[in-house]
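Chain naming here is simple, since letters A, B, ... match the order of the sequence lines and numbering starts at 1 in each.
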2 protein chains.
Amino acid sequence: MNFTSIPTAQIQDTMARLSYFEGWDKEQLARLAVGAKQFALLRKEKLAAKGDRLEALYIVVSGQMRLFIPLSNGAERVVSLVERGDGFGEPCLIQDEPCPFEAVAGKDSHLIAIDKLVYRRELRQSQAMTERTLNLISQRLLHTLHDIEICAQPSSLQRVAHYLVHLRPPSLDTEQEFRLPALKRDIAAKLGLSQETFSRMLAFMAQQGFIQLSGSQVRVDDWNRMHGLAKAGCPMEVAGKN
Amino acid sequence: MNFTSIPTAQIQDTMARLSYFEGWDKEQLARLAVGAKQFALLRKEKLAAKGDRLEALYIVVSGQMRLFIPLSNGAERVVSLVERGDGFGEPCLIQDEPCPFEAVAGKDSHLIAIDKLVYRRELRQSQAMTERTLNLISQRLLHTLHDIEICAQPSSLQRVAHYLVHLRPPSLDTEQEFRLPALKRDIAAKLGLSQETFSRMLAFMAQQGFIQLSGSQVRVDDWNRMHGLAKAGCPMEVAGKN
DNA sequence: CGTGTCGTTGAGCGCTTTCAACCCTGGTGG
DNA sequence: CCACCAGGGTTGAAAGCGCTCAACGACACG
């Protein structure tokens, strides 16, 4: 964890450019920046272990953080992949509870750490900030429920189909080609699948003409058919010849 | 859905006795009670479908609500079992998003519905209420993450063990006997297991001396051994004779 | 050209599900 | 008092799906 000593004013400046703080008061940011630190993490470097007491709110400035629950068989269940402009740790700080996941850098990253006490003090004193945070956490809870919905799908094929469908939102009316937002391994771990199964399902969908894929580029020609896959329990039929 | 026309004052009175509103201002409750309705639900009666726009915050006065995600194979993935004094729907109201689950009465129940507009107005105007709600939702997010952790366990035996361990909190230092907090069917659906598998795992744990059970009464003699089960990937070994 | 990371493919096993029948309990009405 | 029924739960047998292990391929980097 490489602390590059950076003046508060510059940290505040960086914060102002992050989507996390979009629309926040300038004075609010100034107060939050007090005692905040910026630092770098190397790929695979661990920031927090499951059960740790977090001492700060973390915001990703660049890179990516993998939040996951370590499993007894050595595997991981990815809970969230935090990209630039997003943060994590609010519920732990607010409730003073141990961290429910492990936080490891997925790439070389830069983060900002906002001191826990400062954070809580500001939260207590600013209605606007409390509201924003409530919105944020509500959003995140809904998002988590949606993740659960995906993982609850009875077959792995449906899980992947559901995931792809959920990946559409950014106006893919004309552009139906996109790239997977993370390593396939991590996506698999988020869907509760092994890397191998995820690969096989993608291959199957390609072979059946649901998608075309090269590397992490994916093209979906017919979203309706994809929706069908997500809902219908097509039992991965003979797949021999159609 | 049987609306028993009840005066606002009496609803406010009922609210004051619910743990959900513990410590809230009396005036706050009075304002929230305006436009609130109390009603009864019969066992299995549906209150909201997945995708519905909720028009109220719901608080359970008696009975139990099952919140679940319906699956394509007709099964359900229980997300939460809401008992007396708890509520649901806040994130949907706050974010104005469709309901991510289905809400059905698990038993004959009585609920209070607090009008969406009233709720949001009060939330906007009261720092205290925003804070409380933020705490509530944070708590719920952490709880949901823990549920994910349980469901992520690689074997069903570990899932059940984890679940039982998590059921301990209420000072079971002396009293290590308790009863399951819901129908086994619903617990199974919350663990992402079929009813049959859940039954088998309990039977196995009983046969191996991890627990004693009669009906929904469970006694755990050695919590350490149970912890062991939850973490170690004991692959349901031969179980023949020890 | 070696090394590390990411991903694909193949073969085999075993757990979980599914479908089925059966048991048990409590309530109801003749 | 007992027959009957509905709901909840248990148990058995069979089948399939996803995991594990392992080897291989592709690609980037130094």
Side-chain angles (χ1 to χ4, degrees), chain A residues 42-44 64 66 71-78 104-108 151-161 179-189 191-207 213-218 233-239, chain B residues 42-44 64 66 71-78 105-108 151-161 179-189 191-207 211 213-218 233-239:
Chain A
L42 290 172
R43 197 178 109 83
K44 291 195 173 183
Q64 180 204 58
R66 284 175 42 232
L71 302 179
S72 51
N73 59 359
E76 325 174 332
R77 176 70 166 67
V78 170
V104 172
K107 320 171 181 172
D108 295 352
C151 288
Q153 296 305 315
S155 87
S156 54
L157 187 60
Q158 284 172 80
R159 289 225 262 283
V160 176
R179 76 174 19 245
L180 298 177
L183 294 182
K184 292 187 181 173
R185 166 200 303 170
D186 289 330
I187 297 176
L191 302 185
L193 297 175
S194 71
Q195 183 181 190
E196 294 92 328
T197 301
F198 184 57
S199 175
R200 274 185 256 267
M201 293 306 116
L202 284 178
F204 175 78
M205 289 168 62
Q207 178 220 342
L213 71 108
S214 68
S216 67
Q217 284 293 329
V218 181
C234 162
M236 190 110 189
E237 39 208 50
V238 192
Chain B
L42 291 172
R43 197 178 108 85
K44 290 194 174 182
Q64 180 203 57
R66 285 176 38 235
L71 302 179
S72 50
N73 59 358
E76 323 174 333
R77 178 68 165 69
V78 170
K107 322 170 180 173
D108 295 352
C151 288
Q153 296 304 317
S155 89
S156 54
L157 187 59
Q158 285 170 81
R159 290 225 261 283
V160 176
R179 76 174 17 247
L180 297 177
L183 294 182
K184 291 187 182 174
R185 166 200 305 169
D186 290 329
I187 298 176
L191 301 185
L193 297 175
S194 70
Q195 184 182 194
E196 295 92 330
T197 302
F198 184 57
S199 175
R200 274 185 255 268
M201 293 305 117
L202 285 178
F204 175 78
M205 288 167 62
Q207 179 219 342
I211 62 174
L213 72 110
S214 67
S216 67
Q217 284 293 329
V218 181
C234 163
M236 190 107 189
E237 38 210 52
V238 193

Counting N and O atoms only, with roles assigned by atom type, does the side chain of [X] sit under 3.5 Å from a partner on the main chain of [Y], one being a donor and the other an acceptor?
X: R66(A); Y: V104(A); answer: no
X: S214(B); Y: Q217(B); answer: no
X: R77(A); Y: A152(B); answer: no
X: K184(A); Y: E196(A); answer: no

Between atom [atom1] in [X] and atom [atom2] in [N], what is the gap in whole Å?
X: K184(A); N: dT5(C); atom1: NZ; atom2: P; answer: 19 Å
X: Q195(B); N: dG8(D); atom1: CD; atom2: P; answer: 9 Å
X: N73(B); N: dT17(C); atom1: CG; atom2: C1'; answer: 10 Å
X: L202(A); N: dC6(C); atom1: CG; atom2: P; answer: 17 Å
X: Q207(B); N: dT11(D); atom1: CD; atom2: C1'; answer: 13 Å
X: L193(A); N: dC17(D); atom1: CG; atom2: P; answer: 14 Å
X: M205(A); N: dT8(C); atom1: CE; atom2: C1'; answer: 17 Å
X: R179(B); N: dG9(D); atom1: CZ; atom2: P; answer: 11 Å

With respect to the side chain of [X], which nucleotide from [options] is positioned closest?
X: L213(A); options: dT10(D), dG7(C), dT8(C); value: dT8(C)
X: S156(B); options: dG12(D), dT16(C), dG10(C); value: dT16(C)
X: S199(A); options: dT8(C), dT17(C), dT20(D); value: dT8(C)
X: E196(A); options: dT16(C), dT20(D), dG9(D); value: dT20(D)

Just checking [X]: base, sugar-phosphate only, or nothing, at a heavy-atom cut-off of under 4.0 Å?
X: D186(B); result: nothing
X: G74(B); result: nothing
X: K44(A); result: sugar-phosphate

Base dT18(C) to side chain R200(B), donor-acceptor N/O within 3.5 Å cut-off: yes

Along DNA chain D (nearest heavy atom to each residue), the more 5'-positioned of R43(B) and F198(A): R43(B)

Pairwise 5' ranking along DNA chain D for A203(B) and R185(B), keeping only the more 5' one: R185(B)

